[in-house]
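Here is the structure we will look at.
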Amino acid sequence: MATETETSLKDAFGKYADFLNNLNEKRERIVKASRDITINSKKVIFQVHRINKYNKDEVLEKAEKDLSAVTNQYVSRLVKELQGCDFWKLRRAYSPGVQEYVEAATLCKFCKSGTLLNLDEMNATLLPLSDPSEEPLQINILDYLLGLADLTGELMRLAIGRISDGEIEYAEKICKFVREIHRELTLVVPLMDDSHDMKTKMEVMLQSVMKIENACFSVHVRGSEYIPMLGSSDQSYPLMGVPNIDP
């Protein structure tokens with residue numbers, strides 16, 4: 001016959017097992033929500049890349065509508081899953097989706113106004129999704145900066161596309177914006193505790209800056225006869241040894 005101590009231990013371990021099972025199930029749901037956010041945020045980014053000098057308003061209106069749908073349908077589901085729990089402990093389960101969401105939102109904001117969507121503005125859009133009685137989900141500074149680093153790659157692609165359409169001034173505006181982001185992050189990253197991913201992204205970001213600068217420089221020097229395309233196999237493309245960046 002089981003002693004009182006054995007029964008107590010059995011009950012305790014049963015509770016721990018239930019807790020871990022529920023946590024694992026929640027983590028799986030959060031990973032699924034993050035994956036959905038990633039997929040649909042990428043669709044917003046692809047929509048933005050349809051932009052040209054003739055359809056800017058139309059494309060951005062559609063992109064903003066799609067971004068709103070991502071917020072209301074997918075980010076809201078993530079918020080509900082994380083409501084009432086220590087969502088910082090589950091960060092790695094949802095971080096990829098949040099980074100992609102940051103990338104899509106900041107890309108839309110830059111294309112519309114030429115400015116950066118900051119972290120406070122992003123978190124303000126999440127507040128209505130949360131139960132006022134619970135701690136609201138907030139995008140943390142690391143995920144925001146990681147998403148911002150990825151933004152520069154999309155801006156590089158956008159700049160090359162604008163050069164191809166003859167919008168040199170717009171490409172130069174993008175170049176200046178990306179250069180400023182890189183300069184500011186260069187000051188911040190060494191002070192970060194968990195900065196391994198960020199340091200890797202900084203290397204890619206520098207390649208993006210150099211690729212835009214060289215594309216703009218080539219057009220100024222060689223004129224409209226030279227319109228570099230992203231991933232060009234032209235050996236004369238002056239990238240100063242910088243390899244093409246995989247999409």
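Residues take their numbers from the sequence shown, with the count starting at 1. For the numbers below, each heavy atom of this structure counts, side chains included, while hydrogens, waters and symmetry mates do not.
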How close do [X] and [Y] get, heavy atom to heavy atom, and via which atoms?
X	Y	result
Lys26	Glu81	NZ-O, 2.6 Å
Met198	Val189	CG-CG2, 3.5 Å
Pro128	Ala124	CD-O, 3.4 Å
Thr106	Leu117	CG2-O, 3.7 Å

Roughly how far, to the nearest 0.5 Å, is the [atom2] atom of [Y] from the [atom1] atom of [X]?
X	Y	atom1	atom2	answer
Ile181	Thr152	CD1	OG1	7.0 Å
Ile51	Lys62	CD1	NZ	14.0 Å
Asn22	Arg27	CG	CZ	12.0 Å

Does the side chain of Leu148 reach to within under 4.5 Å of the side chain of Leu116, using non-hydrogen atoms?
yes
Counterpart residues, side chain to side chain contact (heavy atoms under 4.5 Å, CB included), relative to Ser41 (two or more places apart)
Ile37, Val70, Glu100, Tyr101, Ala104
Residues in salt bridge (charged side-chain N to carboxylate O under 4.0 Å, His left out) contact with Arg162, at least two apart in sequence or another chain
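Checked Arg162 against salt bridge (charged side-chain N to carboxylate O under 4.0 Å, His left out); matches are Asp165, Glu167.
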Please list, chain by chain and in numerical order, all residues satisfying ring-ring contact (aromatic ring centres under 6.0 Å, His included) with Phe110, sequence neighbours excluded.
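Phe110 satisfies ring-ring contact (aromatic ring centres under 6.0 Å, His included) with Phe177 once adjacent residues are dropped.
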Do side-chain atoms of Gln83 reach the backbone of Asp131 as a donor and acceptor pair under 3.5 angstrom?
yes
Treat each ILVMFWY residue as a node, draw an edge where side-chain heavy atoms are under 4.5 Å apart, and state whether Ile141 and Val188 are in one component.
yes
Would you please test Gln99 and Ser95 for side-chain hydrogen bond (donor to acceptor under 3.5 Å, both in side chains) and show each step?
CA-CA 6 Å; Gln99 291 178 41; Ser95 177; 2.8 Å; yes
